[in-house]
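Before any comments, here is the structure.
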Amino acid sequence: MAKVFKPRTVAPSGSNKNWIHISKGGYNSCILISGKSCLPNCVGYAWGRWRELLGKDPKLSRSNAEDWFGYVIDGYKRGQTPKLGAIACWSGGKPGYSGDGAGHVAVVEDFGSDWMDVSASDYAGNRFYKIRYKKPYKISGLTFQGFIYPPETYVKETAKKSTKKKSIAEVAKDVIAGKYGNGAARTAALKKAGYDPKKVQDEVNKILNAKSGKKSITEIAREVIQGKWYNGAARVSALKKAGYDPDAVQAEVNRLMAN
């Protein structure tokens, strides 16, 4: 059964036993680096990250990073496609000969069709960091070897609720149906839900006007600008008689004239 994958986005705490050396009361049997920790070191990090994911000691190599991919006696499958929790491996030169570089390993925390996000650590450098590599996953001075896959099948954590918002037209229909209340309560509810109250109200007016056969406020505002509705008190009277709100029309006139 697939397990939900929880990506590591922050450095492990200093008390996390997955990265504390076995001689200091921890679980990690990679090289001791500083104090009680096997960090900063890419092999110590990747080994500890797998122990965190698996809940038990992994059978991974504890030698130089470039030797991991060829250490097939660990029993783990290999491949060229990233998977959640997989260990990405690079060689520094000829595997087994550290004189031309020790290579690098990192753990896949997320991936797409042409990229992957990994967490890692660097010997005598960064204790923890996350970085994105684009396919073919090049690192200067290193050669990409492939991935070591964890025995578990992981699935990405997904949000329980959809974050997709409704269109303004859909929300306007909800407003007309009374689902957002009235007045200040409606305005507050719309803002809380992430909608612009004015845009929603404009759509409400458009829908109601269409049902009554009336023109939209924007259409009337354009006619006002064209001089079709007189001026001053005569305009106000004519708009009211036709069933339009003179203040709303004037506000739309001002908006159109400002653009």
Side-chain angles (χ1 to χ4, degrees), residues 2 4-11 82-84 108-119 128-137 154-259:
V4 174
F5 182 81
K6 295 183 179 180
R8 175 164 279 283
T9 58
V10 297
K83 294 182 180 180
L84 294 176
V108 178
E109 304 292 348
D110 197 5
F111 66 91
S113 60
D114 63 348
W115 59 269
M116 66 176 178
D117 289 340
V118 302
S119 61
F128 172 89
Y129 62 94
K130 283 192 67 180
I131 188 170
R132 174 167 292 189
Y133 292 114
K134 289 280 190 176
K135 200 172 182 179
Y137 318 124
Y154 293 102
V155 294
K156 290 185 180 182
E157 259 187 322
T158 55
K160 293 182 179 179
K161 294 183 179 180
S162 172
T163 57
K164 184 179 179 181
K165 292 172 65 176
K166 291 183 177 181
S167 67
I168 294 297
E170 290 175 312
V171 175
K173 290 176 182 178
D174 287 343
V175 166
I176 294 170
K179 295 181 179 180
Y180 280 88
N182 293 295
R186 176 193 295 174
T187 299
L190 288 169
K191 286 182 177 180
K192 186 176 181 180
Y195 299 103
D196 182 332
K198 184 182 183 305
K199 289 183 178 179
V200 173
Q201 187 59 52
D202 288 345
E203 186 65 21
V204 167
N205 294 340
K206 180 180 177 181
I207 293 172
L208 293 177
N209 288 338
K211 288 182 177 180
S212 65
K214 292 168 61 178
K215 295 180 180 180
S216 70
I217 294 296
T218 299
E219 290 176 304
I220 297 300
R222 289 197 176 103
E223 290 183 358
V224 166
I225 294 171
Q226 294 167 5
K228 296 182 179 180
W229 289 84
Y230 315 113
N231 292 297
R235 177 192 296 170
V236 171
S237 177
L239 288 170
K240 286 183 176 179
K241 186 175 181 180
Y244 298 104
D245 181 340
D247 291 335
V249 172
Q250 187 58 52
E252 183 65 6
V253 167
N254 295 340
R255 186 185 72 81
L256 293 172
M257 293 294 288
N259 292 332

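We number each residue from 1, following the sequence as shown.
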Side-chain heavy atoms of [X] within contact of [Y], under 4.5 Å:
X	Y	answer
W229	I220	yes
D202	I217	no
P82	Y137	yes
L190	V171	yes
V224	K228	no
P246	R235	no
D174	K166	yes
N205	Q201	yes

Tell me whether [X] contacts the main-chain N or O of [Y] through its side chain, where contact means a donor paired with an acceptor under 3.5 Å.
X	Y	answer
R186	G181	yes
R132	M116	no
K134	D114	no
Y244	V236	no

So which atom in [X] and which in [Y] form the shortest heavy-atom distance, rounded to 0.1 Å?
X	Y	value
A242	K214	O-CE, 4.1 Å
V249	A221	O-CB, 4.0 Å
E109	P7	OE1-CA, 3.3 Å

Walk me through it: do D117 and V108 pass the test side chain to side chain contact (heavy atoms under 4.5 Å, CB included)?
CA-CA 6 Å; D117 289 340; V108 178; over 6 Å; no

Could you grab the distance from atom [atom1] of [X] to atom [atom2] of [Y], nearest 0.5 Å is fine?
X	Y	atom1	atom2	result
F111	L84	CZ	CG	5.0 Å
E252	S216	CD	OG	8.0 Å
E203	K206	CD	NZ	5.0 Å
I168	D196	CD1	CG	7.0 Å
D110	F5	CG	CZ	8.0 Å
R8	F128	CZ	CZ	6.5 Å

With D247 via side chain to side chain contact (heavy atoms under 4.5 Å, CB included) - residues at least two apart:
D245

Taking atom NZ of K130 as the centre, report whether more than 12 heavy atoms of other residues, nucleotides or ligands fall under 6.0 Å from it.
yes

